[in-house]
Amino acid sequence: MKETITLLLNTALEALKAEGALPVGTQPDIRVDAARDRAHGDYASNLAMMLAKPAGMKPRDLAERLIAAMPTSDAISSVEIAGPGFINFFVNTSAAGEVLFDILDAGDEFGRNRDGAGQKVQVEFVSANPTGPLHVGHGRGAAVGDSLCRLLEANGFEVTREFYYNDAGAQIDNLALSVAARIKGIEPNDPAWPADGYRGEYIQDVARAYMQGDTVTADDRQVTAAANPDDMDAIRAFAVAWLRHEQDLDLKAFGVGFDVFFLESDLYESGKVEATVKRLIEGGHTYESDGALWLRTTDFGDDKDRVMRKREGGYTYFLPDVAYHLDKWQRGFTTVINEQGADHHSTVTRVRAGLQALDTGIPKGWPDYVLHQMVMVTRSGQEVKLSKRAGSYVTLRDLIDEVGRDATRYFLVSRAATSQMTFDIDLARSQSSDNPVYYAQYAHARVCSVEAKAAENGWAFDENLARASLHLLEDARERDLINRLGSWPETVRRAADQREPQQIALYLQELASEFHTCYNAVKVMVEDANLRNARLALGMAVRQVMRNGLDLLGVSAPREM
RNA sequence: GCGCCCAUAGCUCAAUCGGAUAGAGCAACGGCCUUCUAAGCCGUAGGUUGCAGGUUCGAGUCCUGCUGGGCGCGCCA
């Protein structure tokens, strides 16, 4: 419908140019927006106001000229000028209703498009090191990252979900030392406990499993415990696999899966780190100082230069990061999105600078980042501190168990990543029926119920009758719903373009709200078969879009509640 | 001190990337279940959009400067 109106306006525009009423060079971006207020019709354009100045006319006068020059259309019942110079379009009822059959015919495909066809996109998210269970922050990353992937897929992109982690290095050594200590019966408060050890109870579980000779299978590795309390390498390998397996369970419970698990250690073993260093040195962007090797990242917008190789010879994490992203580029991903916690925001400039220094033709702003702000968890009005070392914190699994997967996912994805959020456990648990996810799911279930009831009455949906009766959907609340449904495809586009899955959650709230209002005001099960079938079509279209939307968030669409 | 993010009703958040009278939920108060699911609907009340300027037909939205909060600023990851 928007396209139709845009076309009408464009025709009028060309006509006025031909008449000389407008400068020939004017080529405005014609915008047609859904009207917020029913009194303003269905769609509105601000074209006259934008062109008033170049045309040297008052906006309202120009609007009048535009309308006069506009061809008539069967779909438009009237056009009005309002306010400072808006042109408001009133769409006739049966033309507006046709979208219902676009929806019912397309089914699960409605709203999906092929904009990204042939483009490989990689989304890296969660990327938690295997030193403890996943917490709420990881949950936010998982919910946002996975929805982003679903959105990109809905826009036709070929998406790879990737998880990057470190299975070697100082943190993993601490993990192994902690497990070894537990095996020997040393507890976190004993003097012999390792200084930077992980104090959580799960370390005891790892120790027990190791000594039992258990075999653990994670999505990307399988390890059988050596049960030898002195073999640090074996302990390390087992602990990593054990924790990766735990994370897999968390992610599965959350409905999130990955295509690729990428190890930092692979970058070393395959020589990619060395190759990256070599290339950076040859590029002339490095220098030695204080016995360390530096990269002049200030040449690329960083506020200070960064150390690549430490005085003692090892590399900083920065270097494998650059090597890793070079590898992503070489794998052919035209778009890479890194979903991370905002506490890592300083790596953005650094990684991009490192990639520019490689001088391999990687675009300046590559890769993209979606940084989510911190999640504060409260219980009994008190903030719950997230400290992995202290071992007292809320895991993602706790939340899923207490609040449910649908509610947890919906909650974590329904706010802009740029905003901090508070996860009130008491609220989520005790008043779980107030969670917005149920409001949306309820709309879906209600339509299912109506449909079942109709069938019970022997009033099965008659498509032909419905098609012929769309003009009967003239209640303002029905029209609002129809227009809302019509805006679903552009919502899917915009949410993906802007990397903002919360726009989907917001849309579903509005759709549900308009549905519930309509449901209470307008009865579907009426004697008049024409009206009844038109309204059934509306309900079924709502259900379809609701299901498509919930799916993009990884949330189920129950048939009954 | 420097950088990134944020600030809208008592609380949690919206506002269709600059549009018309800033909207929902929770909490408060009052209505609606013999009729398609009351996890719902309708109504009342609640606002100087942190402060001060600027840009223009038009600003919660863009720019500048403040104030307040979060996160970073390591040869840790």
(message) Base, sugar-phosphate or nothing for A/Lys523? Non-hydrogen atoms, less than 4.0 Å.
(response) base
(message) Expressed as a whole number of angstroms, how long is the span from A/Glu560:CD to B/U37:P?
(response) 11 Å
(request) Using the C1' atoms only, state how far B/A45 lies from B/A9, rounded to an integer number of Å. (result) 11 Å
(message) For the C1' atoms, the ones on B/G30 and on B/G70, what distance do you get once it is rounded to whole angstrom?
(response) 41 Å
(request) Take the protein atom CD of A/Gln420 and the nucleotide atom C1' of B/U8, then report the distance between them rounded to whole Å. (result) 16 Å
(request) Give the rounded distance in Å between these two atoms: CG of A/Leu295 and P of B/C75. (result) 14 Å
(request) Name the nucleic acid region contacted by A/Met421, choosing base, sugar-phosphate or nothing; use a 4.0 angstrom heavy-atom cut-off, strictly under. (result) sugar-phosphate
(request) Could you tell me whether the side chain of A/His345 has a donor or acceptor atom within less than 3.5 Å of a complementary atom in the base of B/G3? (result) yes
(message) Rounding to an integer number of angstrom, what distance separates B/C57 and B/C11 when you compare their C1' atoms?
(response) 38 Å
(request) Using the P atom as the reference point in each nucleotide, state the distance between B/A39 and B/G60 in Å, no decimals. (result) 39 Å
(request) Return the value, rounded to whole Å, for the distance between atom OH of A/Tyr317 and atom P of B/C76. (result) 11 Å
(request) Evaluate whether the aromatic ring of A/Tyr442 and the six-membered ring of the B/A39 base sit under 5.5 Å apart, centre to centre, with an inclination under 30°. (result) no
(message) Tell me if the aromatic rings of A/Tyr369 and A/His345 count as close, with their centers under 6.0 Å from one another.
(response) no
(message) We want to know whether A/Asn338 and A/His344 form a side-chain donor-acceptor pair, criterion being a heavy-atom distance below 3.5 angstrom.
(response) no
(request) Please state the P separation for the pair B/U37 and B/G18 - nearest whole angstrom. (result) 43 Å
(message) Under 4.0 Å, counting only non-hydrogen atoms across every strand here, what does A/Ala445 touch: a base, just sugar-phosphate, or nothing?
(response) base
(message) For a quick check of understanding: with a heavy-atom distance under 4.0 Å over all strands, which category does A/Gln441 fall into, base, sugar-phosphate or nothing?
(response) nothing
(message) In this structure, how many angstroms lie between the P atom of B/A24 and the OH atom of A/Tyr439, rounded?
(response) 10 Å
(message) So if I take every side-chain heavy atom of A/Ser449 and compare against B/C75, B/U37, B/G72, which nucleotide ends up nearest?
(response) B/U37
(message) Heavy atoms only, 4.0 Å cut-off, all strands: where does A/Val522 land among base, sugar-phosphate and nothing?
(response) base
(request) In whole angstrom, give the distance that lies between atom CZ of A/Phe515 and atom C1' of B/A38. (result) 14 Å
(message) Do A/Asn533 and A/Asp462 pair up side chain to side chain, a donor and an acceptor below 3.5 Å, judged on atom types alone?
(response) no
(request) Sticking with atom P, work out how far B/C17 lies from B/C75, rounded to a whole angstrom. (result) 44 Å
Pairs: protein N or O with nucleotides 19-23 of chain B N or O, under 3.5 Å:
from  : atom 1 : to      : atom 2 : distance (Å)
B/G19 : N7     : A/Asn46 : ND2    : 3.0
B/A20 : OP2    : A/Arg36 : NH1    : 2.7
B/A20 : N6     : A/Asn88 : OD1    : 2.8
B/A20 : N1     : A/Asn88 : OD1    : 3.4
B/A20 : N1     : A/Asn88 : ND2    : 3.2

(message) Classify A/Ser346 by what it touches in the nucleic acid, base, sugar-phosphate, or nothing, heavy-atom distance under 4.0 Å.
(response) sugar-phosphate
(message) Assess, by modelled atom type and distance only, whether the side chains of A/Gln441 and A/Asp406 contain a donor and an acceptor separated by less than 3.5 Å.
(response) yes
(message) Using the C1' atom as the point on both nucleotides, what is the distance between B/G72 and B/U56, in whole Å?
(response) 37 Å
(request) Could you tell me whether A/Ser289 contacts a base, only the sugar-phosphate backbone, or nothing, with contacts defined as non-hydrogen atoms closer than 4.0 Å? (result) base
(request) Would you classify A/Lys304 as touching base, sugar-phosphate or nothing, given that sugar-phosphate means primed atoms plus P, OP1 and OP2, and contacts are heavy atoms under 4.0 Å? (result) sugar-phosphate
(request) Measure from NZ or CZ of A/Arg446 to the centre of the six-membered ring of A/Phe515 and say whether it is under 6.0 Å with the direction within 45° of the ring axis. (result) no
(request) Determine the contact category for A/Ala292: base if any of its heavy atoms lies under 4.0 Å from a base atom, sugar-phosphate if only primed atoms, P, OP1 or OP2 are that close, otherwise nothing. (result) base
(message) Mind checking if A/Arg494 touches a base, just sugar-phosphate, or nothing, with heavy atoms under 4.0 Å?
(response) sugar-phosphate
(message) Please determine whether a side-chain nitrogen or oxygen atom of A/Arg306 lies at a distance below 4.0 Å from atom OP1 or OP2 of B/G74.
(response) no
(message) Just to be sure I follow the notation: if a pair is Watson-Crick (purine N1 to pyrimidine N3 plus N6-O4 or O6-N4) or a G-U wobble (N1-O2 and O6-N3), each under 3.5 Å, what dot-bracket string does RNA chain B give, with | for pairs to another strand?
(response) (((((((..((((.....[...)))).(((((.......))))).....(((((..]....))))))))))))....
(message) Nearest whole Å is fine: how far is B/G69 C1' from A/Met376 CE?
(response) 11 Å
(request) Verify the distance criterion only: is there a donor paired with an acceptor across the side chains of A/Asn166 and A/Tyr317 at less than 3.5 Å? (result) no
(request) Report yes or no: is the cationic atom of A/Arg296 (NZ for Lys, CZ for Arg) under 6.0 Å from the centre of the six-membered ring of A/Phe300, at an angle within 45° of the ring normal? (result) no
(request) Remember a base hit wins even if backbone is also touched, and classify A/Asp290 as base, sugar-phosphate or nothing at under 4.0 Å, heavy atoms. (result) base
(message) Among A/Glu339, A/Gln420, A/Arg140, A/Arg415, which residue satisfies the side chain to side chain donor-acceptor pair (under 3.5 Å) criterion with A/His372?
(response) A/Glu339
(request) Write down the distance separating the C1' atoms in B/G40 and B/A22, rounded off to the nearest Å. (result) 26 Å
(request) Mind checking A/Tyr519 for me? I need base, sugar-phosphate or nothing, with any heavy atom below 4.0 Å counting as a touch. (result) base
(request) Please determine if a side-chain N or O atom of A/Thr517 lies less than 4.0 Å away from the OP1 or OP2 oxygen of B/G40. (result) no
(request) Send over the distance from A/Met540 CE to B/C36 C1', rounded to a whole Å. (result) 15 Å
(message) Do A/Arg236 and A/Ile172 make a side-chain contact, defined as non-hydrogen atoms from C-beta onward lying under 4.5 Å apart?
(response) yes
(message) Of the options B/C41, B/A77, B/U12, whose atoms approach the side-chain atoms of A/Arg415 most closely?
(response) B/U12
(message) Please classify the nucleic acid contact of A/Arg559 as base, sugar-phosphate, or nothing, using heavy-atom distances under 4.0 Å.
(response) base
(message) Once you apply a heavy-atom cut-off of 4.0 Å, does A/Ala455 come out as touching a base, just sugar-phosphate, or nothing?
(response) nothing
(request) Taking only the side-chain heavy atoms of A/Met561 (C-beta and beyond), determine which of B/A77, B/A39, B/A15 contains the nearest atom. (result) B/A39
